[in-house]
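Quick notes on the structure that follows.
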There are 2 protein chains.
Amino acid sequence: MKKHSVVIVDDHLLFAQSLQGLVNAFDEFEVLYHVKNGSELIKKLLESENVPDIILLDINMPVMNGFETMEWIKENRPSIQVLALSMDDHEETIIKMLRLGAKGYLLKDIHPESFYKALNEVISNGIYYSERVATTLLNSLHGNDEKDSNSGKQLKDTELTFLKLACTEMTYKEIAQEMCLSPKTIDGYREALFKHFKVKSRIGLVLYAIRNNLVNSK
Amino acid sequence: MKKHSVVIVDDHLLFAQSLQGLVNAFDEFEVLYHVKNGSELIKKLLESENVPDIILLDINMPVMNGFETMEWIKENRPSIQVLALSMDDHEETIIKMLRLGAKGYLLKDIHPESFYKALNEVISNGIYYSERVATTLLNSLHGNDEKDSNSGKQLKDTELTFLKLACTEMTYKEIAQEMCLSPKTIDGYREALFKHFKVKSRIGLVLYAIRNNLVNSK
DNA sequence: TCTGTTAAGGGGAAAAATCCCCTTTTTTTA
DNA sequence: TAAAAAAAGGGGATTTTTCCCCTTAACAGA
């Protein structure tokens, strides 16, 4: 029987290498190669006819992150099953990734046996959720989450731009200039986001944005 | 020849498990066990006479993080060589960990061969630095780092307390009450930290603190 | 075409944050 | 032990931030 082929995309070489060992230890799977980021993946996919069955995709990577990479795969290699693989258990991130077309979302603290199960399920059913992810999504659906229930409506471009600049030492006046809008309009965005995220101050906004990976904090 | 024994402390089970496979593949090393956090490590160390040669210690963990764990090891099992193992390449974090007694600092994007080298070096020389860590430390010594050159003088307890509360939606007035100090004193801390970190606003302070892991952002 | 919605922006005031210069009391240290 | 440095706190002014209520124009759906 032909083994299912897996590609690993993760900037943590040590992790990628170790994970490769783990996957290769499973009878049904084998790792074709692993790469450090989205750009490298695309290069490899373009230059090789050997299309993998599964891509294990990290989200936080330098150069080209998981979201951008996922978009490219969806556009150009829609037949590949993508499992997102991240330490980030924030709802915004999970939903964003699944919306982009990931077939499952694994947290890096997953137990190796569940990982094996995930690989198999994504091959047979085309979908897998880890338990904690499922719980998070359920909470979201039922609105049981104080802070995270806002993830439904996604931010408009202009709001996101504002948010990014708000996570900066700029004053609102400077942000307004940067965005070529009136300070009053900026104030409107501010108020909208405060309500949306249920925060009380710009500090709260920054913390929320960082915790939910809406801006890259580092 | 007896193999050198290794213990892995990391909350990412998948990583820990994979890494265990990698380490066991080296002739000279074998993994005794791996645990999810500092508390579990201590429990294991206390109930077993089998003292490991090397501990691979993650820093960001729930329950009991790498810093606290390192302190305990230094106090109670000083003969064990500890290699910190983190994704975090910020100077503050590296220096803090090395000050606490870690014998080396590995970044998780390290190449597996360097990892093997690190294990060997820490056994033979009792010390190892990955290249990027060494570079960071050199920059620090030569003061070539705009923002990070302040890592030398470390914060006083009271300043750190203030900083943590500043990374919160509390107003300064509330922080003052919480710390049982006059708002004016708090204002003094604020100004001192602004100068120390070369930031212009409370937002800047929060960003700096998060980026340098002075507070735990998540 | 009427109507509801949304983006953009204004007025104005209260509350926080920022800044600079100063006093008093401890604590260090030369 | 006298001088220096550090810690706690005050006065007061200027900006920024935050809030609430209102107007106008564009636009989409029934």
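The chains referred to below are lettered A, B, ... by the order of the sequence lines, with proteins before strands, and numbering in each begins at 1.
- A cation-pi geometry, defined here as NZ or CZ lying under 6.0 Å from the six-membered ring centre and within 45° of its normal, does not hold between K200(B) and F194(B).
- Each of Y189(A) and K184(A) has a nearest nucleotide on DNA chain C; the 5'-most of these lies closest to Y189(A).
- Remark: P of dA16(C) and NZ of K173(B) are 5 Å apart, rounded to the nearest angstrom.
- Between the P atom of dT18(C) and the OH atom of Y172(A) lies a distance of 12 Å, rounded to the nearest Å.
- Residues passing the side chain to side chain contact (heavy atoms under 4.5 Å, CB included) test with D187(B), sequence neighbours excluded: R190(B), E191(B).
- With E40(B) contributing its side chain and K36(B) its backbone, the two residues share a donor-acceptor pair below 3.5 Å.
- No donor-acceptor distance shorter than 3.5 angstrom exists from the side chain of E75(B) to the backbone of W72(B), with no hydrogens or angles considered.
- As rounded to whole Å, 7 Å separates atom C1' of dC20(C) from atom CD of E191(B).
- R202(A) comes within 4.0 angstrom of the backbone, heavy atoms only, and of no base.
- Although no hydrogens or angles enter the test, the distance criterion places a donor-acceptor pair under 3.5 Å between the side chain of S48(A) and the main chain of N50(A).
- Here dC19(C) presents its C1' atom at 7 Å from CZ of R190(B), a figure rounded to the nearest Å.
- Using a 4.0 Å cut-off, some side-chain N or O of T185(A) falls inside it from OP1 or OP2 of dG9(C).
- Figure legend: cation-pi geometry between K108(B) and F115(B) absent, as NZ or CZ is not positioned both under 6.0 Å from the six-membered ring centre and within 45° of its axis.
- For the pair F162(A) CZ and dA8(C) P, the interatomic distance rounds to 13 Å; values are reported in whole Å.
- Among the protein residues, S201(A) comes within range of the sugar-phosphate backbone only, with heavy atoms under 4.0 Å from sugar or phosphate atoms but none that close to a base.
- Of all nucleotides in DNA chain D, those with any atom nearer than 4.0 Å to a heavy atom of chain A start and finish, going 5' to 3', at dT16(D) to dC20(D).
- Between the CG atom of D187(A) and the C1' atom of dA14(C) there is a distance of 14 Å, given to the nearest Å.
- Rounded to whole angstrom, the span from the CG atom of L205(B) across to the P atom of dC19(C) amounts to 12 Å.
- With I8(B) as the fixed residue, the side chain to side chain contact (heavy atoms under 4.5 Å, CB included) test singles out one of V35(B), L56(B), L85(B), I54(B): L56(B).
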